[in-house]
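Below is one structure; the comments refer to it alone.
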Amino acid sequence: MNAASPEHRWDVIVIGAGIGGLVTASQLAAKGAKVLVLERYLIPGGSGGSFKREGYTFDVGASMIFGFGEKGHTNLLTRALADVGEHCATIADPVQLEYHLPDGLQIAVARDYEQFLSDLIARFPHEARGIRHFYDTCWQVFRCLDAMPLLSLEDPAYLAKVFFKAPLACLGLARWLPVNVGAVARRHISDPALLKFIDMECFCWSVMPADQTPMINAGMVFSDRHAGGINYPRGGVGVIAEQLVRGLERHGGAIRYRARVTKVLLEGDKAVGVQLAGGAAIHAERIISNATRWDTFGQLIDAAHTPAAERTWRRRYKPSPSFLSLHLGVKAEAIPSDTHVHHLLLEEWSAMEAEQGTAFVSIPTLLDPSLAPAGQHIVHTFTPSSMEHWQGLSPSAYAAKKQSDAQRLIQRLEAFLPGLGSAISHREVGTPRSHRRFLGRSGGSYGPIPALRLPGLLPMPFNRTGIEGLYCVGDSCFPGQGLNAVAFSGFACAHRIGADLGLNPWALPD
């Protein structure tokens with residue numbers, strides 16, 4: 001049956017095939033719901049997808065992937081795939097990230113926790129006690145998270161069951177919900193340079209300094225990189241989305257590409273369907289938006305029907321910058337064999353949050369050479385860049401800015417990859433305008449960041465919205481940004497809707 005047929009009524013429609021949307025869709029399909037995913041682009045995954053050019057498989061976004069551990073409950077990508085009969089082969093990375101920071105501060109975060117602490121203490125021996133206490137505190141948060149199935153905090157039945165299963169973990173987690181990293185770091189550490197390093201530890205995945213980064217998120221990241229580790233999907237990050245789509249379809253769900261939703265249809269105050277760009281209407285019992293909240297309430301829902309809670313959210317959060325991205329194919333001899341896969345580069349502390357200040361680098365072919373033609377490596381680098389710097393340009397000025405900014409970024413990378421510029425054999429340049437166009441994100445934004453200092457994750461909304469039948473999923477929902485975080489959001493959203501539709505099993509997952 002044609003997925004767009006008006007007479008085919010679905011249980012759930014998911015707008016957007018990002019990882020959060022696909023986890024939600026596949027989880028619901030596995031529970032028995034009839035699910036349709038509508039994706040505006042040609043491939044699934046959004047910023048967690050991959051694209052191919054001239055023999056290269058490039059990751060759209062970051063390739064430093066959490067969530068593929070084998071134990072506990074925080075290995076959400078492993079669990080999401082297993083729940084729909086899929087498994088992703090991965091390659092373990094012995095180092096999460098190598099920092100190249102001001103004042104010669106160069107540290108590689110080893111997978112082995114004690115090795116990382118030893119390396120950091122060697123640089124800050126006078127802070128040995130504080131370093132251990134701070135990162136051990138992160139482990140306390142992680143153990144709370146890892147002790148319980150991570151499902152919907154909006155479901156009272158789940159909360160009762162999980163409290164009965166792990167009461168101490170629940171109480172511990174509640175303690176950390178309103179806390180940000182900066183306050184905890186300053187409790188144990190006083191060295192300004194080390195506190196700046198912890199700012200960068202947060203910024204590398206949250207694009208926020210420690211004072212604005214929730215402790216719950218940091219507990220997950222700073223510990224899981226040593227517990228489950230950083231594991232790269234064999235074949236590229238896009239394989240995750242492709243396997244989630246296979247699992248969705250295996251369980252009776254469907255996905256349509258080139259299907260751009262322009263409007264959520266309402267009957268009174270209830271969401272009942274969507275309208276596509278061509279005018280077709282598709283109806284469902286529940287509608288899930290994997291778009292950003294700025295796109296959901298402002299594009300898909302007009303101002304007259306936007307709940308007051310969304311206006312409050314906009315006062316608390318603002319869009320983070322987008323990125324200038326370079327996908328480079330380079331001659332293999334330009335990359336020494338002992339080079340780490342992931343790097344972060346910053347020359348001046350004052351530029352951490354500045355336009356094109358911090359540069360992120362990934363060389364995934366060091367783990368999976370099949371991503372590039374023989375004799376070639378991939379170097380993917382990106383740096384925060386705001387849309388305002390790319391608007392109002394003529395086509396020629398836009399093209400010139402793309403090339404000049406790209407060249408300047410390449411020159412910066414030569415600080416630790418000398419000769420990179422002369423070894424490039426393929427180059428793709430993406431801007432905030434590219435991210436807006438291909439990912440359908442307001443301003444090309446990476447996601448929401450606090451507009452003011454907030455109490456941890458407490459103000460972050462869950463999946464239900466003020467419109468009956470409409471839910472949100474992804475980085476605009478609890479717990480925020482990152483592939484594993486949006487997978488968490490997907491599990492939570494599917495569980496909440498499963499409860500609403502009477503599809504959830506009584507028992508919690510093992």
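When a residue number appears, it is its place in the shown sequence, counting from 1.
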Problem set entry | Ser322-Ser385 side chain donor-acceptor pair, cut-off 3.5 Å | no
For this session: Indicate, with yes or no, if the rings of Phe360 and His380 have centres closer together than 6.0 Å.
Result: no
Exercise. Going by atom types alone, do His226 and Asp112 pair a side-chain donor with an acceptor below 3.5 Å?
Worked result: no
Exercise. Taking atom CG of Leu101 and atom CG of Asp199, what is their separation to the nearest 0.5 Å?
Worked result: 11.0 Å
Problem set entry | Residue Arg437 excluded, over 12 heavy atoms near CZ under 6.0 Å | no
For this session: For Arg260, check salt bridge (charged side-chain N to carboxylate O under 4.0 Å, His left out) against everything at least two apart and list the hits.
Result: none
Problem set entry | Atom CD of Glu414: over 12 foreign heavy atoms under 6.0 Å | yes
Exercise. Judged by modelled atom types alone, do Asn290 and Tyr471 share a side-chain donor-acceptor pair under 3.5 Å?
Worked result: no
For this session: Tell me whether the centres of the aromatic rings in Trp139 and Tyr113 are closer together than 6.0 Å.
Result: yes
Exercise. Yes or no on salt bridge (charged side-chain N to carboxylate O under 4.0 Å, His left out) for Arg256 and Glu39, after CA distance, side-chain angles and deciding distance?
Worked result: CA-CA 6 Å; Arg256 287 187 59 203; Glu39 169 55 44; over 6 Å; no
Exercise. Any luck finding a side-chain donor-acceptor pair between Arg79 and Gln27 under 3.5 Å?
Worked result: no
For this session: Run the ring-centre check on His426 versus Phe58 and record whether the distance is less than 6.0 Å.
Result: yes
For this session: Consider only side-chain N and O atoms of Glu70 and Asn75, and report whether a donor and an acceptor are under 3.5 Å apart.
Result: no
Exercise. Mind checking whether Tyr99 and Phe197 have ring centres under 6.0 Å apart?
Worked result: yes
Problem set entry | Ring centroid separation Phe51 to Phe438 under 6.0 Å | no
Exercise. Using the benzene-type ring in the case of Trp, are the ring centres of Tyr135 and Phe116 under 6.0 Å apart?
Worked result: yes
For this session: Scan side-chain atoms only and decide if Gln403 and Tyr398 contain a donor-acceptor pair under the 3.5 Å cut-off.
Result: no
Exercise. Among Asn484, Val23, Ile19, Leu483, which one satisfies side-chain contact (heavy atoms from CB on, under 4.5 Å) with Leu76?
Worked result: Asn484
